[in-house]
Structures are given as structure tokens and as C-alpha cells.
Amino acid sequence: MSSHWADINADKIVREKGEKDRYTCASGITPSGTVHVGNFREIISVDLVVRALREKGHEVRFLYSWDDYDVFRKVPATVTDRERFEEYLRWPITLVPDPEETYESFARANEAELEGQLERVGITPEYIYQATQYRASTYARGIRTALEKRDRIREILNRFRTSPLPDEWWPVSVFSRFTNRDTTRIVGWDGEWGLTYFCEESGQEDTIDLRETGFAKLPWRIDWPMRWAWEQVDFEPAGKDHHSEGGSFDTARHVVREVFDWEPPVTFQYDFISIKGRGGKMSSSSGEVISLRDVLEVYQPEVLRYLFAGTRPNSEFAISFDLDVIKIYEDYDKCERIYFGQETVNEKRAAKERRIYELSQVDAPPAALPAQIPFRHLCNLLLIHDGTIDAALADMPGYTEFDDELKRRARERAACAWNWVQEFAPDDFRFHVVDPETTEPRSLSDAERTAVAGLRKMLAAGLDDRSDKDVQNGIYDIARDAGLEPKDLFRTLYLILVNQERGPRLGGFLKTLGAPRVLRILERY
RNA sequence: GGGCCGUUAGCUCAGCUGGUAGAGCAGCAGACUCUUAAUCUGCGGGUCGAAGGUUCGAUCCCUUCACGGCUCACCA
């Protein structure tokens, strides 16, 4: 039995909710801007628990709610035509146009972006669009229940408020038929389906039938528990902001029991994640959010999942874009070797790593240990080939025998490596092989020229049947014969080859470059 | 003011349902005629924040306290 947190939570759901034909796990967010990786933690947490439940043989409904009937409160920083968009403030975001004009609405643009990225990491929930639900009057009964239990709801919320809600407070808001805005005031309710509101901008009064128009919407703290009951949600985690006493999850759990007659879902609290090694904030209000797409530029889907599967939800962690990236890829590869029994650790650790590896896969785990291409090595290969992925991979021993899936993964990793090298690697990590056509030769001392001649001689004999170490040692001999300090010769050679004082370990580097290419550079000395 | 979470080797942290603590980095010693945060080998007795309690036995459970962080009470 696995002690992974996803399995523990799956067991907990079954224990607390009893044996059911189907369990409903839910997640969701308001698409009022680019969805950032912080929000991703919630959905992947649910995905992992859903997988655990399914693997235990349970049927699971995995819901993702887009709260696209929420109000457009603030024009996002990324919008250039601000004046035009200020017109839409207080509208439901589902009616606000897409600033890029690609999708039918601002909400849809944000939704489509995330949905596409989620698919890449193997997360395919059933999406529910709350604007569609509300506007189809799906929740008429739920809204009426809230109206009927208005006093009770107010009393629940007041338990946690510093200043109590006024007597004229209603547990519902209305988008005006005349302006689309929620700048309205409820003025009456007929005790059944008729709700009357006053539109403050147009000064008009209007009565709607909850069963026929979708203008009415429950505020968040009531909407959430109403939908728990409607969708019969068994599990939904939430961020720590919601989980404090008096926070929205807490009031929702009271409301769902006392008003909607449903038990609150099993839950856990997940902590926030931060970003290390690059600029950009996590809040959606500033334009500079780090999205799932941004993270996937540097992390393969499996490695990204590994990051979350390997970390307990209630601990904070940072997604790194700095040199940690190399370490994380190495850790992932190690985890993979442990899964395939190629590296031995104690059984307890092995069991844990195996489970993490399974949960990290987008699809089923490979049948056998895939050829691993160390991230750092891949970076060097790409640098040698100026970022040409095909050329870099062709230098990998055995690459031509890879099957299609292996090739696909290798290319994916190479793309991440190249993105990382270009965007985030430290400057001294990068190098550029000199092009003899366009670069003037350096001036050398006599001893250096002798050494270069010696190296040419070695290269002319071919490198293919020499080991990295052998080539490396050859350079020492050359240095000694030329009367140079090896250290100085190394520096000189790097200057000649990559125009920097340092570079990749020379033995392997020369072999990877290939004798002909190196000779073309050395020929001029 | 309420709630939640931390406090474990110099640093970063594992230790998930109690049996007297582990890993990475740093450090030290040795090897490598070198250079990717260089590589290899060896070296880890730290009152597990403090004090009580439960237990045959607690880093892991309970209580209290100290320090640190987050969060709620406006909206989602």
C-alpha cells in the first residue's frame, strides 16, 4: 500500500464518503486573466488524487469549473486599449471581448489557453462553464433555496464578520438586463421565482423569473456550497487563504450543511508556490504572470508533474528557472532509474520513488528504462550545434535506434534545454563555437603554435577510437612537449574554439565536435 | 483578535498514520597532469524549538509556552 499523499487522500475520500458508485472531485477558478502556475497546483493536486482513486478501481468524475460568470473587476495590465475595456467593468467576464480578438470572449481566451496546456500534461477534466450554467437557469432551484434561507445564510456569514451584514442584504446579485452590469440592488422577491431589482445606472426596475433568465448569480461564498450540493462533490482542495476559519471554504462548509443539505467535500489545504530564478510575479493583476505555458518551456510535462507529485501539497516550494533546473532533471532521471530497478536504494525510498514516477507520467510509464539524456550534456550538444535539435540529438549514441516515442521525448527535452540555455542559463554557461569563415585567427606565441600543430596531428589521426580521457591526456602531452603549462594551453584552446577562457570538458568536447570541424578551425594557425 | 503551518547536522530539507534520526550542498582527508555549482573515494552521534503528559518506548500523539511565517474577518 502506497503512502503517497495522493493515495492517502483517495483512501480518505472512500472512508469518509463511504463506498459509492462514483466519486466527484472538483476544482475550478475564475478566468479573469492568465491563469498562473500557482493556480495549477490545485488542479494537479486534484488530478493526482483522481488518478489514485481510479487506480483503486473507483469511477471518478473530475470536474473543472470555470467561474466565467464572475464580474470583470479590473482591466488586466496586459490590455493596451484600456479605455475601451473600462466600458466593460462590472460585466460578467463571459461577455467581455477578447483583447486579442481570437476567441469569443475574454474569459474564453483564458480558458482555452489553460485547457490546451493541461492536455499536454495529461490533465483532462470535464469542464463546466458556470456562465453557461447560470444563463441556462440551471441553478434556479439553488438560488431560490438561498433566497428562502436568506436569514440563515446571513447569520452564518455574520459569525465571522467584523461588521454584520445589513438587514437589507440579499444572498444574490443580479446583472442588469439594461447595462449588463451588476450595479443593481434587489428590491423584492415574491417568495417563489420572481426577483425584482433596481438598476442603478439606468434607474429602471425589472422583475426576472429565475427559471427563465440567468441574470441572477450567487456570490462566491454561497455559489460554492450550492454547487457542491448540485454536483455532489466529494473532494475539493483549496488554498490556505480559503481554509482559515472564516475563510470561504470554512463558511461554505457551514452553508452547505445548513442551507443546501449536503456534507462538505473531503479537502486539504495546499500551500502557495513561488518562482525562483526569473522575474515576474504570481498575481494575475500585474501583467507579468508565470503561466503553465512558461513553465513548460523549460520543464518537460513529466518533469513538471514530478515536481508536484514529489512535494506534499501543504508545503510551499519554488519552481526554479536557475541552475536548479539541471538538478531537477537529474533527480527525475534518478527517480526513473529507481523505478526500473537500475539504481538501488532502500525499499521504503524505492516504493516512494516508484509511486512518484508513476504519477509523474502523462500516460502509462514506458515498458523499459528509456535512454536518458542528461540535461547538462544536452545543453552542451545544443550549444555546439547552435540550437539545432536534430543535429544535437544525432550526436547522441544510439539515437537512430530510438523508437518514435523515445525520439519525441528526446526532442521535447532538447527543446526545453535550449529554451533554458538561451533564457535562463548563466552567461558563462553558454558558448558559441567559432566559425572559421567569419572569425579572424588569434595571434599566438611560438610555443602555442607548436601546441596547436601537435593537436592538429592528433586530430588528423582521428578521434573515434579514443576515449574522452585519452584525448584529454593527449592534450597534456602536447602541452608538455610545447613547454606550456597545461592550464594555459587549455585556456588558449578555448579562446581559439569558443572565444572564451573556459568551455566544456575538452576531451568529450573535441570528440563531439568531430575532428574535421576542429581541424577547420585550427587549420589557420 | 481567530485559524493554519513551520522550528531536525553549518545551509536547504526528508523522515506521512510511535520503536532511541537521514539526504543533498558546504566542510575535512585522499585521488585525478583538468574545467562545466568539476569528478571519484572516505568521513555525519545533531539536547529532532522549550517544558510537561500519554506510552514498555515519541522527532513523529496530547497540553502549554517561545520564536518565525502565512492566512481570515472586503471581493472572488
Side-chain angles (χ1 to χ4, degrees), chain A residues 1-9 11-12 28-33 67-74 93 130 157-165 173 182 217-224 238-252 268-272 274 276 284-285 310-318 322-327 330-331 334 345-346 348-349 352-353 355 374 376-377 379-380 383 425-426 428-431 468-469 471-480 484-491 493-494 498 500-509:
Chain A
M1 200 186 100
S2 161
S3 61
H4 190 275
W5 59 264
D7 295 307
I8 290 171
N9 277 286
D11 290 340
K12 187 177 174 193
I29 195 173
T30 303
S32 61
D67 295 324
D68 48 12
Y69 210 36
D70 286 352
V71 175
F72 186 60
R73 289 199 160 64
K74 197 155 56 171
I93 52 177
Q130 294 303 337
L157 297 182
N158 279 344
R159 287 177 210 163
F160 305 99
R161 292 175 61 95
T162 35
S163 58
L165 293 162
S173 61
D182 73 341
K217 177 184 184 302
L218 294 176
W220 166 244
R221 280 174 188 265
I222 302 148
D223 171 75
W224 204 7
K240 58 160 122 185
D241 46 341
H242 299 304
H243 262 291
S244 289
E245 190 169 274
S248 52
F249 192 97
D250 188 49
T251 57
F268 63 71
Q269 174 181 318
Y270 56 87
D271 210 315
F272 298 144
S274 54
K276 181 165 171 263
S284 335
S285 51
T311 310
R312 297 229 296 292
N314 64 351
S315 60
E316 191 181 341
F317 78 99
D322 57 15
L323 284 162
D324 288 351
V325 172
I326 296 172
K327 176 80 163 57
E330 281 172 1
D331 288 349
K334 180 171 187 175
V345 291
N346 69 59
K348 200 172 175 182
R349 164 94 189 275
K352 183 179 166 182
E353 296 281 343
R355 188 60 179 136
R376 172 183 290 280
H377 182 54
C379 289
N380 283 335
L383 281 160
D428 60 3
F429 192 94
R430 284 186 280 259
F431 61 85
D468 290 6
K469 180 108 183 162
V471 174
Q472 191 85 23
N473 286 335
I475 292 167
Y476 283 98
D477 295 337
I478 290 168
R480 203 166 24 244
L484 286 169
E485 283 296 316
K487 201 172 185 139
D488 293 332
L489 178 58
F490 275 100
R491 194 177 59 239
L493 291 175
Y494 283 120
V498 297
Q500 288 173 197
E501 297 202 352
R502 307 176 131 212
R505 200 175 274 262
L506 213 43
F509 186 46

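Letters A, B, ... mirror the listed sequences (proteins, then strands); counts begin at 1. Predicted model only: the values in this text are computed from it and were never measured.
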A:Arg159 and A:Thr251, any side-chain heavy atoms less than 4.5 Å apart: no
Which residues satisfy the side-chain hydrogen bond (donor to acceptor under 3.5 Å, both in side chains) test with A:Asp241, sequence neighbours excluded? none
Per atom distances to the A:Arg221 side chain, the nearest of B:C16, B:U71, B:C75 is B:C75
Looking only at the side chain of A:Glu245 (C-beta and beyond, no hydrogens), which of the listed nucleotides B:G24, B:G2, B:U71 gets closest? B:G2
Residues forming a salt bridge (charged side-chain N to carboxylate O under 4.0 Å, His left out) with A:Arg161, sequence neighbours excluded: none
Could you work out the separation of B:C25 and B:U71 based on their P atoms and round it to a whole Å? 33 Å
Can you measure A:Asp324 atom CG to B:A37 atom C1' for me and round it to whole angstrom units? 10 Å
State, without any angle test, whether A:Asp182 and A:Ser173 hold a side-chain donor-acceptor pair at a distance under 3.5 Å. no
By nearest-heavy-atom nucleotide on RNA chain B, the more 5' of A:Thr30 and A:Gly247 is A:Gly247
Looking only at atom P, what distance separates B:G1 and B:G45, rounded to whole Å? 44 Å
C1' spacing across the pair B:U7 / B:C43, given as an integer number of angstrom: 28 Å
Using the C1' atoms only, state how far B:C28 lies from B:C70, rounded to an integer number of Å. 39 Å
So CD of A:Gln269 and CZ of A:Phe249: to nearest 0.5 Å the spacing works out to 10.5 Å
Can a side chain N or O of A:Arg73 be found less than 4.0 Å away from OP1 or OP2 on B:C75? no
Could you tell me if the side chain of A:Leu383 sits less than 4.5 Å from the side chain of A:Val498, heavy atoms only? no
Say you pick atom C1' in B:G15 and the same atom in B:A9; how far apart are they, in whole Å? 14 Å
Using atom C1' of each nucleotide, how far apart are B:G19 and B:C48 to the nearest Å? 15 Å
If the sugar-phosphate is the primed atoms plus P, OP1 and OP2 and the base is the rest, what is the B/S/- string for nucleotides 7-15 of chain B, using protein heavy atoms under 4.0 Å? -------SS
Tell me the interatomic distance from A:Ile29, atom CD1, to B:C75, atom C1', rounded to whole angstroms. 14 Å
With sequence neighbours excluded, residues passing salt bridge (charged side-chain N to carboxylate O under 4.0 Å, His left out) with A:Asp68: none
At less than 4.0 Å, is any side-chain N or O atom of A:Ser32 found next to OP1 or OP2 of B:C75? Yes or no. no
Identified salt bridge (charged side-chain N to carboxylate O under 4.0 Å, His left out) partner of A:Asp7 from the options A:Lys352, A:Lys12, A:Arg355: A:Arg355
In whole angstrom, give the distance that lies between atom CZ of A:Phe72 and atom P of B:A76. 16 Å
d(CG, A:Asp250; P, B:G2) in whole Å: 15 Å
Select one nucleotide: of B:C74, B:U71, B:A76, the one nearest the side-chain heavy atoms of A:Ser244. B:U71
Compare all side-chain heavy atoms of A:Thr30 with those of A:Trp220 and state whether any distance is below 4.5 angstrom. no
Given atom CD of A:Gln269 and atom P of B:C70, what is their separation to the nearest angstrom? 14 Å
When the C1' atoms of B:G22 and B:C62 are considered, how many whole Å apart are they? 27 Å
Calculate the interatomic distance between A:Asn158 atom CG and B:G2 atom C1'; express it in whole Å. 16 Å
Between B:U71, B:G24, B:C75, which nucleotide gets closest to the side-chain atoms of A:Arg161? B:C75
A:Lys334: salt bridge (charged side-chain N to carboxylate O under 4.0 Å, His left out) partners, not counting sequence neighbours: A:Glu343
Can you give me the dot-bracket string for RNA chain B, 5' to 3', counting Watson-Crick and G-U wobble pairs with both distances under 3.5 Å, using [ ] for crossing pairs and | for partners on another strand? ((((((((.[[[[.)......]]]].(((((.......))))).....(((((.......))))))))))))....
Could you check A:Ser248 against A:Ile326 and say which one's nearest nucleotide on RNA chain B is further toward the 5' end? A:Ile326
Expressed as a whole number of angstroms, how long is the span from A:His242:NE2 to B:C75:C1'? 11 Å
Check the orientation of A:Trp5 and A:Phe268. Use parallel for under 30°, tilted for 30 to 60°, and perpendicular for over 60°. perpendicular
Using whole Å, report how far CG of A:Asp68 lies from P of B:A76. 15 Å
From the list B:G24, B:C16, B:A76, which nucleotide is the closest neighbour of the side chain of A:Ile8? B:C16
C1' atoms of B:A58 and B:G53, separation to the nearest Å: 12 Å
